Amino acid sequence: MTTDLHVVIRNQHVAPGILRLTVDGGAAQPVQPGQFHMLKTEAPEPLLPRPLSIHDVEGDLLSFLYEVKGAGTRAIAELVPGHRIRVTGPLGRGFDVQDLRGRILLVAGGIGIAPFRYLARALVAAGRDRLTLAAGFRGLPYGIEDFAGVVDDIRIATEDGSAGIQGRVPVLYRPQDFDVVVACGPVPMMRAVQQGCREAGTRAIVSMEARMACGIGACLGCTTQTTTGMRRVCADGPVFPADEVIFDER
Amino acid sequence: MTTDLHVVIRNQHVAPGILRLTVDGGAAQPVQPGQFHMLKTEAPEPLLPRPLSIHDVEGDLLSFLYEVKGAGTRAIAELVPGHRIRVTGPLGRGFDVQDLRGRILLVAGGIGIAPFRYLARALVAAGRDRLTLAAGFRGLPYGIEDFAGVVDDIRIATEDGSAGIQGRVPVLYRPQDFDVVVACGPVPMMRAVQQGCREAGTRAIVSMEARMACGIGACLGCTTQTTTGMRRVCADGPVFPADEVIFDER
Amino acid sequence: MSADIVPDLSVELNGVTLKNPVIAASGTYGFGEELLPFHHPSVLGGFSTKGITLYPRQGNRGIRLHETRAGMMNSIGLQNPGAEVFVRDIAPRIRGLTGCLIANVGGSDIDDYVQAVAMIAAADVDMIELNISCPNVKCGGMAFGMRAEDAASVVRAVRPVCPKPLMVKLSPNAHDLVAVALACQEAGADSLSLVNTFNALAIDVHARKAVFDNVTAGLSGPAILPIALRMTRDVARAVRVPVIGMGGIETGEDAAAFIMAGATAVQVGTAGLVRPDALPRIVEELAAFMAREGIANLGQIRGIV
Amino acid sequence: MSADIVPDLSVELNGVTLKNPVIAASGTYGFGEELLPFHHPSVLGGFSTKGITLYPRQGNRGIRLHETRAGMMNSIGLQNPGAEVFVRDIAPRIRGLTGCLIANVGGSDIDDYVQAVAMIAAADVDMIELNISCPNVKCGGMAFGMRAEDAASVVRAVRPVCPKPLMVKLSPNAHDLVAVALACQEAGADSLSLVNTFNALAIDVHARKAVFDNVTAGLSGPAILPIALRMTRDVARAVRVPVIGMGGIETGEDAAAFIMAGATAVQVGTAGLVRPDALPRIVEELAAFMAREGIANLGQIRGIV
Ligand SMILES: Cc1cc2nc3c(=O)[nH]c(=O)nc-3n(C[C@H](O)[C@H](O)[C@H](O)COP(=O)(O)OP(=O)(O)OC[C@H]3O[C@@H](n4cnc5c(N)ncnc54)[C@H](O)[C@@H]3O)c2cc1C
Ligand SMILES: Cc1cc2nc3c(=O)[nH]c(=O)nc-3n(C[C@H](O)[C@H](O)[C@H](O)COP(=O)(O)OP(=O)(O)OC[C@H]3O[C@@H](n4cnc5c(N)ncnc54)[C@H](O)[C@@H]3O)c2cc1C
Ligand SMILES: Cc1cc2nc3c(=O)[nH]c(=O)nc-3n(C[C@H](O)[C@H](O)[C@H](O)COP(=O)(O)O)c2cc1C
Ligand SMILES: Cc1cc2nc3c(=O)[nH]c(=O)nc-3n(C[C@H](O)[C@H](O)[C@H](O)COP(=O)(O)O)c2cc1C
Ligand code: FES
Ligand code: FES
């Protein structure tokens with residue numbers, strides 16, 4: 001883990017409102033798929049850094065795939081090559097690649113696809129050859145081209161029917177067809193994955209989101225309810241066995 | 001007076017720590033030499049706009065000459081062509097060109113030279129042909145090239161002796177040689193001008209500085225003591241007859 | 001939610017109808033005239049004048065402004081031309097600028113307040129805003145806003161000489177703000193406005209001294225919004241009279257938040273110093289927010305938090 | 001000013017020598033271990049642990065953090081493993097991390113405080129910091145910090161069971177902060193730290209409800225600095241015991257300002273969340289500032305404003 005200013009190499013739109021940021025110096029330390037970094041521009045506002053998952057590590061370069069939501073991601077989107085940005089990480093507990101075996105399904109909801117490129121590459125490198133990606137989007141899909149040549153079976157659903165099957169991700173798969181399901185996306189989707197897999201008896205793993213301040217486990221601001229009590233998404237997660245997470249009913 | 005976002009056309013160093021900013025759309029309204037604008041970048045911090053004198057108006061372009069001092073001017077210095085900046089103005093009471101006649105001396109201390117280019121051009125356009133500029137700097141002079149072909153008699157003093165005469169501006173002139181002296185610069189310099197001219201019986205005019213918030217006369221934050229009470233530098237000035245100003249003794 | 005709703009922004013404040021709930025805050029809008037090059041004050045719900053005292057005041061010497069993170073400090077010290085000049089020259093001149101002209105009145109002792117209010121309330125203004133909370137007057141202006149008894153005593157004293165609606169402006173520095181609010185209500189306040197500036201300190205570490213001659217000064221702006229919003233809710237839930245909320249409002253959504261916290265109307269100060277078109281924009285943004293969210297009038301959201 | 005001065009940053013606090021005046025603030029530095037990948041806690045003057053209560057607490061549900069202009073709000077709700085686990089497992093483990101280990105203790109009633117302090121003060125910690133000001137505990141944690149009598153009663157109760165130096169952490173929401181400070185001093189506090197977070201409100205205007213389940217939450221960060229600095233000076237001028245100032249400190253010059261306002265040492269919270277190297281940087285910046293300004297030791301500037 002380090003905290004340093006990194007030089008922006010690229011920062012480009014891959015779809016409306018979705019950008020890929022590439023910074024230098026990422027490979028200085030080993031990075032586990034599913035880990036994240038805290039990013040903050042040099043401007044005083046917004047005050048807190050923002051968590052972004054590792055999208056890929058290639059040689060010396062570290063990249064993030066992100067959706068512009070509010071002030072924090074907007075500030076990141078305004079960076080141009082040569083600008084610097086504070087990157088703290090890698091943080092959290094990512095996916096245990098050794099532990100993912102058999103028929104593996106990656107379920108992504110929207111920008112939840114971000115951590116899966118690096119995960120899929122790591123799984124392939126570890127010899128896993130039965131990988132399926134089921135990705136759902138509101139409108140036009142993005143980030144899918146990243147999986148060409150990595151994942152054979154790519155399934156797409158869009159709510160507006162603009163690509164793939166019309167509907168949400170659950171229409172794309174039956175949990176019983178897989179040995180393990182890995183999900184990243186909005187809470188309702190992850191709750192559906194948890195429930196479907198529980199009924200089918202399929203093991204499921206989720207990557208959680210929470211508002212964060214420190215990102216390193218010090219402030220207890222990012223906790224999520226689990227069967228073993230309140231746990232910090234940043235330090236005890238973001239990756240949890242789905243069965244341990246107690247999704248808030250609201 | 002308007003408040004609008006203006007596109008940055010140029011923003012370049014003319015000397016270390018001194019930049020010239022040129023924005024479009026300045027000529028939409030008549031501008032009097034010695035007036036100023038309030039400038040604020042689109043970033044939330046710093047909160048308040050910063051006052052900068054009009055350095056020149058050329059066709060559609062409005063320019064400012066400024067020294068990087070703190071957060072506000074630093075934020076302005078980071079703008080690149082195409083960026084936008086909020087410009088509110090023109091504000092305040094500038095120099096009354098009709099009223100400046102005879103042998104005119106412009107006394108500038110450091111960045112106090114900023115308003116004099118446009119003033120000198122206006123004076124020449126009004127037929128005044130006996131213009132002298134006396135400019136003092138800590139180190140290497142800047143902004144002087146602006147006066148070539150406009151003012152014949154240019155006198156320079158530098159504290160470090162790197163150009164012109166070594167010393168401060170008072171070494172450059174005798175007040176009794178002029179009909180009117182116009183001064184802009186740090187308070188000690190303006191106090192010296194006030195005193196010298198008072199002794200010599202020469203009319204003197206000063207352009208004052210003060211911390212500002214609104215720039216339009218609404219907050220009473222920028223007042224200066226005068227013989228007629230506390231007056232607002234932004235709305236009653238920044239240009240005052242030197243004899244009316246009561247310089248703070250501290 | 002209906003997308004084509006045309007929201008009604010008007011509010012009724014002590015018998016005066018404001019076309020919208022956005023009022024320019026005292027001390028940041030001059031006497032309204034300064035803004036004329038940018039917008040006509042009548043586009044706002046109303047404006048509160050610079051604080052007026054019985055006699056003219058020169059205000060404080062030295063630095064009067066200082067910027068902080070997301071805020072600013074001021075120590076103007078109630079510079080103003082005095083009640084007589086206000087009544088004779090200024091009020092008639094600015095009367096036509098707004099549908100709700102609020103005269104902000106400051107003072108150093110009860111007699112001053114009573115005399116000033118008596119003079120000013122007799123002029124053609126719509127309301128008096130009694131500033132018992134200005135922290136920049138050495139002779140004790142703030143003292144009245146700190147404790148319930150003191151606040152009540154000044155409100156009780158001016159009430160009989162004030163035939164106009166009487167708004168009392170509370171200090172966030174009060175020991176027990178809700179107690180002060182209740183005491184002002186009992187003493188006859190028709191409405192309460194809050195917050196005035198927070199007593200704060202800036203130090204010039206290089207000079208090793210306070211930035212302001214008076215040592216402390218008043219903090220305003222976006223930095224204080226979350227505290228001001230909490231205080232507005234605390235007071236609005238405790239009193240019967242209308243509450244006018246303020247502190248750091250910059251956007252229409254900020255204004256909506258204060259109304260959801262129970263405010264009848266809002267005031268905006270610092271944001272209007274940052275850019276002179278801020279207040280009309282807040283009105284437009286609030287209207288757009290209401291239209292988008294299907295809020296027909298402010299009564300539908302007032303105090304729902 | 002001598003350019004080649006090597007400043008002495010050490011401070012003496014109730015018999016404990018801190019190598020520098022920068023202490024990590026409770027609740028923002030975990031138990032010190034979380035920061036180890038970034039710096040060793042021993043580079044700081046000390047650190048205050050997350051607030052510990054007699055029994056373990058899960059803390060609050062729902063959103064716990066919210067960002068504001070130049071600040072943040074938190075509603076953690078004192079999540080902690082309880083005094084027993086702290087004393088048995090945690091204190092021995094983290095003891096070696098710092099030369100000044102401060103155990104921050106929270107509670108909901110006087111009995112809880114007394115039992116917790118008795119247990120924790122018996123462990124190998126250097127000081128107790130009594131949090132009478134946490135605004136996030138429903139059962140009244142804040143109540144003790146609001147009024148002088150209440151504050152004194154809890155300090156008086158824990159004093160006999162606390163053989164270690166007792167630092168009492170004051171709430172900026174107190175009705176009369178100086179009175180609370182004096183009451184705590186009379187009741188036996190060895191030092192006073194301030195400020196804890198400001199009680200504040202954030203509203204989600206789209207959802208038309210408060211962001212936090214508890215409605216209000218605590219505001220910290222640069223936004224509050226000018227108010228916290230003023231309060232630090234008010235208290236430091238009124239009491240005899242050392243004062244530890246905090247609230248929005250981000251730089252070495254901010255730390256110097258608190259010391260000029262009378263603080264013996266400072267604490268830093270939010271800035272360390274923004275970037276994990278903030279606190280060691282503040283130490284370096286303070287040293288550089290002192291060297292530049294020719295300040296040989298902090299006694300030369302303490303309380304000069
Ligand atoms: C471990 C982790 C990994 C993430 N990886 C990615 C990624 O690879 N790509 C991506 O686009 N997004 C990712 N997110 C979500 C991303 O952090 C938020 O979208 C971002 O913080 C929003 O900030 P904002 O200022 O743009 O939006 P705003 O909505 O203005 O943010 C306001 C506040 O809410 C918080 N917030 C808002 N939405 C979220 C959210 N969904 N999760 C956490 N905090 C939120 C912000 O941090 C901030 O404090 C991740 C979140 C976590 C926790
Ligand atoms: C009418 C007028 C015209 C001016 N014209 C020019 C110009 O053409 N070129 C130029 O370089 N400068 C000019 N100045 C000075 C310029 O406004 C300040 O240098 C600038 O505001 C400093 O801001 P900062 O954030 O960079 O510095 P900081 O020192 O960080 O500013 C902190 C605060 O102090 C105020 N401040 C600091 N120095 C001054 C100052 N000298 N005058 C007024 N406020 C100050 C700032 O506005 C801000 O509120 C003018 C000032 C006035 C009043
Ligand atoms: C420069 C300035 C001058 C002020 N003068 C007065 C005043 O004369 N009377 C008064 O009641 N409040 C005065 N205030 C306080 C404001 O009216 C308002 O209560 C405060 O600034 C908080 O609102 P804001 O954050 O929107 O600015 C002044 C504020 C500022 C910034
Ligand atoms: C996330 C968070 C958790 C906190 N938890 C505690 C706590 O457990 N006990 C306590 O006394 N103060 C707690 N505080 C208050 C801080 O210690 C400090 O008083 C406050 O944040 C002001 O300092 P700052 O502006 O430097 O953050 C907490 C603050 C934050 C931001
Ligand atoms: S963000 Fe601070 S503990 Fe997770
Ligand atoms: S800056 Fe507001 S009156 Fe001059």
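Only a predicted model underlies this, so the values are computations on that prediction, with no experimental measurement involved.
A donor-acceptor pair under 3.5 Å links the side-chain atoms of Asp126(D) to the main chain of Leu101(D), judged by distance alone. Remark: side-chain polar atoms of Gln35(A) are paired, donor with acceptor, to backbone N or O of Gln32(A) under 3.5 angstrom. In this structure a side-chain-to-backbone donor-acceptor pair under 3.5 Å is missing from His37(A) to Leu39(A). Here the side chain of Lys40(A) pairs a donor or acceptor atom with the backbone of Pro46(A) at under 3.5 angstrom.
Residue with the most contacts toward chain A among Asp277(D), Thr68(D), Val274(D): Val274(D) (heavy-atom pairs, distance under 4.5 Å). Comparing Thr223(A), Thr88(A), Thr224(A) by how many heavy-atom pairs each has under 4.5 Å with chain D, the most go to Thr223(A). Each of Glu34(D), Arg69(D), Gln79(D), Glu67(D) has some count of heavy-atom pairs under 4.5 Å with chain A, and the biggest count is that of Glu67(D).
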Would Glu42(A) and Arg86(A) count as a salt bridge (Lys or Arg N to Asp or Glu O under 4.0 Å) here? Give the steps.
CA-CA 7 Å; Glu42(A) 292 193 84; Arg86(A) 175 161 301 276; over 6 Å; no
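Neither the backbone nor the side chain of Met38(A) comes within less than 4.5 Å of any heavy atom in chain D. When heavy atoms are compared at a cutoff of 4.5 Å, Arg50(A) approaches chain D solely by way of its side chain, counted from C-beta outward. Contact annotation for Arg211(A): both backbone and side-chain heavy atoms come within less than 4.5 Å of a heavy atom of chain D. Contacts of Glu33(D) with chain A are absent, with no heavy-atom separation under 4.5 Å from either backbone or side chain.
Using cut-offs of 30° and 60° for the angle between ring planes, the Tyr29(D) and Phe47(D) rings count as tilted.
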